[in-house]
Amino acid sequence: MKQFRRLVAEPLTREAFAPFGDVIDTDGAESFPINQGRTERFHALSTVALSGATDRGILSIFRGQPLVPLELDLMERHPLGSQSFIPMNNVDFLAVVALPGDFDETAVRVFLVKGHQGVTYHAGTWHAPLLPLKADADYLVVDRKGPGQNCDEINLQQVIRPILAAV
Ligand SMILES: NC(=O)N[C@@H](O)C(=O)O
Ligand code: NI
């Protein structure tokens, strides 16, 4: 018999998300003018973590579909590199995360990432595979290409039902 657990989504802030990764957002970020002042550079909002000399940072586009019903029974991590998701058509998504290291299911947290924000998961951060809130949602994904096993999955003991009410 499946057991369910409701988790209320938290608003995404740099401080709250810091143990899990970076928030990619111009809001609250420093910038400086470039291109004869015609462009504002919000510099180094996040970094790409790799592991070995032959690793490469790569850019992909994920066209995601919502998880229906929104019931999460699996999480994953990429121990050898970071993974960043940047919305391309302004679709909100959920970042469901737990700290790197031994998986602590009781410490899973849900963050609502708005369509103008992106996130980077630190290498090893446990997270749910992409959870867009609308159909055909495109995300620029920056992550690692290289040797070795870079995707560990874990099945949850209790199915998580993210709740958007409080945000
Ligand atoms: N597997 C894959 O490329 N995507 C996942 O890592 C994900 O976080 O969506
Ligand atoms: Ni991933």
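Each ligand, and each atom within it, is numbered from 1 in the order the structure gives.
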> Verify whether the ring centers belonging to His78 and Tyr121 lie closer than 6.0 Å.
no
> Find all atoms of ligand 1 within a distance of less than 4.0 Å from any non-hydrogen atom belonging to His78, and give their numbers and elements.
6 (O)
> Taking 4.0 angstrom as the limit and counting only heavy atoms of His127, give me the atoms of ligand 1 inside it, by number and element.
8 (O)
> Within the distance-only criterion (no hydrogens, no angle test), does the side chain of Asp25 pair as donor or acceptor with the backbone N or O of Gln117 below 3.5 angstrom?
no
> Pick one of side chain, backbone, both or neither for how Tyr121 approaches ligand 1, counting any non-hydrogen atom pair under 4.0 Å.
neither
> Go through ligand 1 atom by atom and flag the ones less than 4.0 Å from a non-hydrogen atom of Glu76.
5 (C), 6 (O), 7 (C), 8 (O)
> Looking at the Ni ion (ligand 2), is one of the N, O or S atoms of Tyr121 less than 2.8 Å from it?
no
> Restricting to N/O/S atoms, is Glu76 within less than 2.8 Å of the Ni ion (ligand 2) or not?
yes
> Determine whether any heavy atom of Phe62 lies closer than 4.0 Å to an atom of ligand 1.
yes
> Please find out if the Ni ion (ligand 2) and some N, O or S atom of His78 are separated by less than 2.8 Å.
yes
> Backbone or side chain, does any N or O of Leu130 fall under 3.5 Å from an N or O of ligand 1?
yes
> Does Ile24 belong to the same Ile/Leu/Val/Met/Phe/Trp/Tyr cluster as Leu59, with side-chain heavy atoms less than 4.5 Å apart forming each link?
yes
> Give a yes or no on whether the backbone of Gly115 and the side-chain of Asp92 come within a donor-acceptor separation of less than 3.5 Å.
yes
> Testing Leu70, Leu130, Val113 one by one against Leu94 for a side-chain contact (heavy atoms from CB on, under 4.5 Å), which residue passes?
Leu70
> Can you label the angle between the Phe62 ring and the Phe85 ring as parallel, tilted or perpendicular, going by 30° and 60°?
perpendicular
> Among the clusters formed by ILVMFWY side chains lying less than 4.5 Å apart, do Val110 and Ile154 turn up in the same one?
yes
